[in-house]
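The shown structure was predicted, so the numbers you read here are calculated from the model rather than taken from an experiment.
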Amino acid sequence: MCRTGGVPDPAETGDETSTDAAFTALLEDSADDLYESAPCGYLSTMMDGTIAKINSTLLDWLGLDREAVAGRKRFTDLLTIGGKLYHETHFAPLLRMQGELRGIALDMRRQEGGPLPVLVSAVIKHGSEGEPLLIRITVFDASDRRSYEKELLRRREEAERARAAAERARAEADEARRQAEADRARLADALAVLQRSLVPDSLPAVPGLESAVHYHTASPDQLGGDFYDLFPVAGNRWAFFLGDVCGKGPEAASLTSLTRYTLRAAAHHDPDPASALTTLNAVLHERYTGDGNPRYCTCIFGIVEPGGEHGPTTVRLASGGHPPALVLRSDGRAEFLPTPGGLLIGVLPSAPIGTAETVLAPGDTVVLYTDGLTEARTGPGRDDLYGEDALHAFATDHAPASPHEAITALTGLLESFGDGLDDDTALLALGVPAAPSLISPSTSHPS
């Protein structure tokens, strides 16, 4: 604050004076250290180049002692042969003509470690009558910049060579590209046909039941390993299963085919779910463990006996290492059918099989799924798994639901995962119509 007339307040003047004094003292105390320990090199030379003064930073960079440099060496003695030539032919003449130079690239000699790339700025100090007295030089380490420039040059040369080669072979490259695209299209078509052969084209109509299915293939370039089926067995019973084989590609396709046909044959021989999985376990273990390349799968197998318009619909399940089935009840509840203790199919000669049983009332739906659903990655960093708890909450929000409604909702959920859904996923739903009919059509949602 100032008094009237612009006269400073005494207290304020005292504060400013003490601050200025402290700041000045700080600069005076650190001036030598600022010169010696600056993040760049400083030196001063006579007009003939003899070094009169040099700071510690530059001495450290070059691995030199002050006594061996000051008054004994010229600036050009610190340069490489190439640097000396450039100094004599360009640097020194331009400096004499212009009085200063900025950002000149030179190489200096180090005692160890090879040349040091630097950027040099220099200015001539003149006396009171304009006579040149000395040269002040600033040196900046340009090692990183030189490396960057060399890398850019190397990459540009590589790009130019690649472009030249591409131009020389453009016709061949275009033909190869067209051939590769044609091969890729044929491969994609063949994989799609083969993939369709591993699962039913459609589900059969089951009297007294509704059914719906969805199959999501994670990659069009690889055969998936998920499988499902629904087919009649003895009496009024229907067998169904859903599972996931290990691996991808042709080996997974071979295992999927063997698994499907083994389960179908086993179910016709003995429709008990645990017996069917026990037979599959024996077949896979015998087929794949002998060559030292064991193959296995997870699978849930069930038998459903529709009760018609008046009787209960019973579902019996057996599981080998597969996620539990999910039931959406007509009263709005959702519950898992745990099958604890079930082991992966094909790993051991005798695998424990988990079992469960339930009754479906009108409006109830049972949903089977593979772990591509529960192991979908969520969150901003795709670091979290969707998990069974979230699936249960989702099912509760959508219960009650018919098989078609349940599969439609779950298909939307899968789409919401985006690139977090990186595994094949199969969904199969069976349910008793809320208003029973003799035959209800099945629905399919491929993707």
Please determine whether the number of non-hydrogen atoms from other residues, nucleotides or ligands lying under 6.0 Å from atom CZ of R156 exceeds 12. no
Does H269 have more than 12 heavy atoms from other residues, nucleotides or ligands lying within 6.0 Å of its NE2? no
Could you tell me whether the side chain of F241 reaches within less than 4.5 Å of the side chain of L368, counting heavy atoms only?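 When only atoms from C-beta onward are counted, F241 and L368 do not touch, as no gap falls below 4.5 Å.
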Sidechain-backbone polar pair: [X] side chain, [Y] backbone, donor-acceptor under 3.5 Å:
{"X": "E36", "Y": "S56", "result": "yes"}
{"X": "H322", "Y": "Y369", "result": "yes"}
{"X": "D244", "Y": "A426", "result": "no"}
{"X": "N236", "Y": "P306", "result": "yes"}
{"X": "S257", "Y": "A253", "result": "no"}

Is the shortest side-chain N to carboxylate O distance from [X] to [Y] below 4.0 Å?
{"X": "D331", "Y": "R333", "answer": "yes"}
{"X": "D107", "Y": "R146", "answer": "yes"}
{"X": "D272", "Y": "R316", "answer": "yes"}
{"X": "R155", "Y": "E158", "answer": "no"}

Pairs under 3.5 angstrom only: tabulate donor-acceptor contacts from the side chains of residues 388-401 to other protein residues two or more places apart or in another chain.
{"residue": "H392", "atom": "NE2", "partner": "A334", "partner atom": "O", "Å": "2.7"}
{"residue": "T396", "atom": "OG1", "partner": "H392", "partner atom": "O", "Å": "2.9"}
{"residue": "H398", "atom": "ND1", "partner": "F394", "partner atom": "O", "Å": "2.9"}

What donor-acceptor contacts under 3.5 angstrom involve side-chain atoms of residues 343-357, with partners at least two apart or in another chain?
none

Assess the residue pair R154 and E157 against the criterion (salt bridge (charged side-chain N to carboxylate O under 4.0 Å, His left out)); give the C-alpha distance rounded to whole Å, side-chain angles, the decisive distance to 0.1 Å, and a yes or no. CA-CA 5 Å; R154 183 184 67 81; E157 291 174 347; over 6 Å; no
If you look only at distance, which donor and acceptor atoms sit under 3.5 Å apart when one is on a side chain in residues 110-118 and the other is two or more places apart or in another chain?
{"residue": "R110", "atom": "NE", "partner": "G114", "partner atom": "O", "Å": "3.0"}
{"residue": "R110", "atom": "NH2", "partner": "G113", "partner atom": "O", "Å": "3.2"}
{"residue": "R110", "atom": "NH2", "partner": "P115", "partner atom": "O", "Å": "3.2"}

